[in-house]
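Take a look at the structure below.
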Amino acid sequence: QVQLVESGGGLVQAGGSLRLSCAASGGTFSTYAMGWFRQAPGEEREFVAAITWSGYGTVYAGSAKGRFTISRDNAKRTVYLQMDTLEPEDTAVYYCAAAVSLARAQNEPEYWGQGTQVTVSS
């Protein structure tokens with residue numbers, strides 16, 4: 001079992017930046033691909049970004065490409081999502097997820113965190 005705890009959410013003005021963190025416990029963190037998802041009010045949860053177990057491979061949703069950067073530190077058992085040039089449309093609860101493969105990290109991960117709220121004001 002892997003437990004995931006997100007942090008770093010908050011309120012930011014449009015054009016600003018936030019860095020989300022996701023700390024993992026249990027399991028062998030370095031063997032899991034990791035992903036970030038988000039869910040806005042009244043909408044379905046959507047994929048944002050994913051990273052391979054090694055950190056050398058990354059995938060981004062179109063809305064995140066060029067503005068968000070996913071990274072990981074296996075020694076710290078932590079994955080990050082650096083979000084720049086934030087827009088009000090990025091307002092959502094952001095979830096961290098762990099998966100056995102990069103493919104599953106994009107749509108059907110095995111483990112989920114509880115989420116952290118990101119609010120972008122205009």
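Using a 4.5 Å cut-off on side-chain heavy atoms (C-beta onward), R19 and S7 make no contact. Side chains of Y60 and V48 form no contact here, defined as non-hydrogen atoms less than 4.5 Å apart. Using a 4.5 Å cut-off on side-chain heavy atoms (C-beta onward), W36 and L81 make contact. Q82 has its side chain out of reach of I70: every pair of non-hydrogen atoms, C-beta onward, lies at least 4.5 Å apart. Residues T116 and Y95 have side chains not in contact (no heavy-atom distance under 4.5 Å, counting atoms from C-beta outward). Side-chain contact check for D73 versus Y80: some heavy-atom pair is nearer than 4.5 Å. Between Q3 and Y111, every side-chain heavy-atom pair lies at or beyond the 4.5 Å cut-off. V118 is listed as a side-chain neighbour of L18, based on a closest heavy-atom distance under 4.5 Å.
R45 places no side-chain N or O within 3.5 Å of a backbone atom of Q39 that could act as its donor or acceptor partner. No side-chain donor-acceptor contact under 3.5 Å links T28 to the backbone of S30. Between the side chain of T119 and the backbone N or O of L11 there is no donor-acceptor pair closer than 3.5 Å.
Annotation for A50 and A105: closest pair CB-CB, 4.0 Å, computed over non-hydrogen atoms. Between Q117 and A92, the shortest heavy-atom distance links the atoms NE2-O, 3.4 Å. Between S122 and A14, the shortest heavy-atom contact is CA-CB, 4.3 Å. The two residues A33 and R72 make their nearest non-hydrogen contact at CA-NH1, 4.0 Å. The heavy-atom pair separating A103 from N107 by the smallest distance is O-ND2, 3.3 Å.
Atom CD of E108 is surrounded by 12 or fewer heavy atoms from other residues, nucleotides or ligands within 6.0 Å. Counting non-hydrogen atoms of other residues, nucleotides and ligands closer than 6.0 Å to CD of E46 gives a total above 12.
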- Message: Checking R38 against S63 for the side chain to side chain contact (heavy atoms under 4.5 Å, CB included) test, could you report, in this order, the C-alpha distance in whole Å, the side-chain angles of both residues, the deciding distance, and whether it holds?
- Response: CA-CA 11 Å; R38 68 185 184 185; S63 59; 3.4 Å; yes

- Query: What's the verdict on side chain to side chain contact (heavy atoms under 4.5 Å, CB included) for T58 and F68, showing C-alpha distance, side-chain angles and the deciding distance?
  - Reply: CA-CA 11 Å; T58 56; F68 295 2; over 6 Å; no

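Residue R67 is tested with D90, T85, D84 for a side chain to side chain donor-acceptor pair (under 3.5 Å); the sole match is D90. Put simply, the residue from T78, V79, L20 that forms a side chain to side chain contact (heavy atoms under 4.5 Å, CB included) with C96 is V79.
A cation-pi arrangement is absent between R77 and F29, since the terminal nitrogen or guanidinium carbon is not both under 6.0 Å from the aromatic centre and inside a 45° cone about the axis.
Taken from CE in M34 to OG in S71, the straight-line distance is 11.5 Å, to the nearest 0.5 Å. Note that OG of S121 and CD of Q13 are 5.0 Å apart. Values are rounded to the nearest 0.5 Å. Rounded to the nearest 0.5 Å, atoms CD (Q114) and SG (C22) are 11.0 Å apart.
Linking ILVMFWY side-chain heavy atoms closer than 4.5 Å, directly or via other members, places V93 and L4 in two distinct hydrophobic clusters. Taken together through direct or relayed side-chain contacts under 4.5 Å among Ile, Leu, Val, Met, Phe, Trp and Tyr, L102 and I51 form parts of separate hydrophobic clusters. Taking hydrophobic clusters as Ile, Leu, Val, Met, Phe, Trp and Tyr residues chained together by side-chain heavy-atom distances below 4.5 Å, Y94 does not share a cluster with V59.
For F37 and W112, the distance between ring centers is under 6.0 angstrom.
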